Amino acid sequence: MFTHFTKEERAVHYPPDRRAFMALKPYMLLFFGVIIFGAIAAAWLQYLLMGLPEDPSLSFPAATATDAKDFPMWLNLSHWVNFFFLVLIIRSGLSILADHPRLYWNNGCAPETEWIRFTPIKVPKDKTWTAKEDARYISPIAGLPGYKHTIGIARTWHFLTVPFFVLNGVVFIFLLFYTHQWQRLVPVSWKIIPDSWNVFVHYATFHFPVEPNGFYHFNALQQLSYFAVVFILAPLAMLTGLAMSPAIENRFHWYPTLFGNRQSARSIHFMVMFSYVIFIIIHVALVAATGLTRNMNHIVLGTDNTTSVAGIYIGAGIIAFTILFCLLAHWLSWNKQRALQHADAAINGNLWRITLNRFKPKPYYKRADISPYFWPNGKAPSSEEWQKLAINNFKDYKLRIGGLVENPMELSLTELKNLGKEQNITMHHCIQGWSGIAEWGGIPISKIVELVKPYPSVTTVAFYSFGEGLYGGLYYDTNTLDNCLKPQSILAWEMNYDPLSLVHGAPLRLRVENQLGYKMVKWISSIEFVETYKTLGKGQGGKNEDDEYFNLLADT
Ligand SMILES: Nc1nc2c(c(=O)[nH]1)N[C@H]1C(S)=C(S)[C@@H](COP(=O)(O)O)O[C@H]1N2
Ligand SMILES: [Mo]
């Protein structure tokens, strides 16, 4: 089942240091502590001083003719479909998180400013420490894929399952309101809040409240938590997910600020996942504790049978199927990566191509927004050619521009600078999860296009680097000509008003602001105008697309 690793792969996927570690900033510990222990302490105080409050379930009105008194098949089906996709989404999400195991409230993601980290490593100050080096190993027991870790495949599972999760949710909500089933979940009176508190006081002080028959009624706290899971957590997960897209962020800057900023959207996305996990644990425990047989017959068979074990068996069968599917998913992730990548492209690639990829970036950030820290990524070139150029401050550098163009050219840095300059302050989004705001100065690619005159058949521009990819071989990536002509798409020689540093891509790097970071080739040696990306490298559109199964279009 486990696949063989080459030496380079082993270093990336199965590093010697695989310690699981977590560090939470004291202020966040205090925050969670106050909420959780504060609530429990208040419940005890009320109990000890005033006794147990009345159990609101005792005063339920008798069921009326319009009440929900069944579990229809669509509801049960959608519950289990939801469970299945949620498992895949959470597990692939954990793998994505492991690729940048830090969460922040600020856009710049400076080390030490994270409120939680899932790595024992403190970023060294005396040497370059790239975001790739900072990625962590995650066990396949927790994460999908885990073990043979590529964020490309983790994202493939995340994005492949999300449309089905959303579709299932939409159908569920529609049928919920089309029938009378909404009455199960949607509170109709604010009394739900004190009632839920009273139920909570029971649980917190180890008094089980009276168990209403869930076939007709949930207790107040149960109803409120189901309501929150469906109507708060799920939408919040989707909305914060969208807030992480570079195509959205650099066009509709106000959108991520609905959640604070891009990184707090990511933190909230994580907390939603965490809330789901806590919910699932408590939900399953209470389903078991309050009459497993009967409860399972409700949610599996839709009957109020108290003796038949059919519900338990079928439910266990669905859980076993989900586990088996996860095993299959691991096997696919380690052996059929290309097929997964293409399946994702067929669904999401096409979806983003006709939607998000049409947005044009707009200027927004000011000098004061520039991040004090900017994570570096990628392997600096080891080639003699580049090192010789670097020693001489790139005076002898010539950018080669060719391919399907009328006027192939070689341009020195001075010649490029004489063509003109545009300066933009933008937010960079790395696929791994970190971001950073910086100023970039350079020549708009549209200017180069005017000069070299690509043939009408050109759809794609390839950018080649002096540097290598993760497993060796020259780094390159392609962008659609269309994205290269968008506002703020430039070849930059300047970062934060200084010449581009060696670490960040000297002498020349790409900026295409509606895309993720890996599309923005650093240490550029040459540019080629082509008809299709398919004839380059392994034909997937770039080094990371070839080797790490990243997306061809990087709008999300
Ligand atoms: N040549 C080359 N360019 C590259 C990479 C690389 O590994 N090699 N990494 C990319 C990735 S994943 C990111 S996030 C950005 C990082 O740019 P920075 O180092 O300036 O932050 O560069 C991109 N360009
Ligand atoms: Mo990246």
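Computed from a prediction, not measured in an experiment: that's the story for all the values here. In each ligand, atom 1 is the first atom listed, and ligand 1 is the first ligand listed.
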Query raised in the report: Do the two ring centres, one from F84 and one from F325, sit under 6.0 Å apart?
Result: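 Yes, close enough.
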Query raised in the report: Is the count of non-hydrogen atoms from other residues, nucleotides or ligands lying under 6.0 Å from F31 atom CZ greater than 12?
Result: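 Check fails, neighbour count at 12 or below.
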Report task. Answer yes or no: does atom CZ of F32 have more than 12 heavy-atom neighbours from other residues, nucleotides or ligands under 6.0 Å? Result ->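 For F32, atom CZ is crowded (more than 12 foreign heavy atoms under 6.0 Å).
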Query raised in the report: How long is the span from the CZ atom in F463 to the CE atom in M520, to the nearest 0.5 Å?
Result: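 Result: 11.0 Å between the selected atoms.
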Query raised in the report: Hey, are Q540 and D547 close enough side-chain-wise for a donor-acceptor pair under 3.5 Å?
Result: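 Looking only at side-chain atoms, Q540 and D547 do not form any donor-acceptor pair under 3.5 Å.
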Note every protein N or O atom lying under 3.5 Å from an N or O atom of ligand 1, pairing the names and giving the distance.
{"residue": "ligand 1", "atom": "1 (N)", "partner": "S465", "partner atom": "OG", "Å": "2.9"}
{"residue": "ligand 1", "atom": "1 (N)", "partner": "K522", "partner atom": "O", "Å": "3.3"}
{"residue": "ligand 1", "atom": "3 (N)", "partner": "K522", "partner atom": "N", "Å": "3.0"}
{"residue": "ligand 1", "atom": "17 (O)", "partner": "R509", "partner atom": "NH2", "Å": "3.2"}
{"residue": "ligand 1", "atom": "19 (O)", "partner": "N377", "partner atom": "N", "Å": "2.8"}
{"residue": "ligand 1", "atom": "19 (O)", "partner": "K522", "partner atom": "NZ", "Å": "2.3"}
{"residue": "ligand 1", "atom": "20 (O)", "partner": "H504", "partner atom": "ND1", "Å": "2.7"}
{"residue": "ligand 1", "atom": "20 (O)", "partner": "R509", "partner atom": "NH1", "Å": "2.5"}
{"residue": "ligand 1", "atom": "21 (O)", "partner": "W375", "partner atom": "O", "Å": "2.6"}
{"residue": "ligand 1", "atom": "24 (N)", "partner": "M520", "partner atom": "O", "Å": "2.8"}

For residues 102-114, please give each side-chain donor-acceptor pair under 3.5 Å, one per line with the distance, not counting sequence neighbours.
{"residue": "R102", "atom": "NE", "partner": "D134", "partner atom": "OD2", "Å": "2.8"}
{"residue": "R102", "atom": "NH1", "partner": "E114", "partner atom": "OE2", "Å": "3.2"}
{"residue": "R102", "atom": "NH2", "partner": "I121", "partner atom": "O", "Å": "3.0"}
{"residue": "R102", "atom": "NH2", "partner": "D134", "partner atom": "OD1", "Å": "2.9"}
{"residue": "R102", "atom": "NH2", "partner": "D134", "partner atom": "OD2", "Å": "3.4"}
{"residue": "Y104", "atom": "OH", "partner": "H100", "partner atom": "NE2", "Å": "2.8"}
{"residue": "N106", "atom": "OD1", "partner": "G108", "partner atom": "N", "Å": "3.0"}
{"residue": "N106", "atom": "OD1", "partner": "C109", "partner atom": "N", "Å": "2.9"}
{"residue": "N106", "atom": "ND2", "partner": "T113", "partner atom": "OG1", "Å": "2.9"}
{"residue": "N107", "atom": "OD1", "partner": "R262", "partner atom": "N", "Å": "3.3"}
{"residue": "T113", "atom": "OG1", "partner": "A110", "partner atom": "O", "Å": "2.6"}
{"residue": "E114", "atom": "OE1", "partner": "E112", "partner atom": "N", "Å": "3.0"}

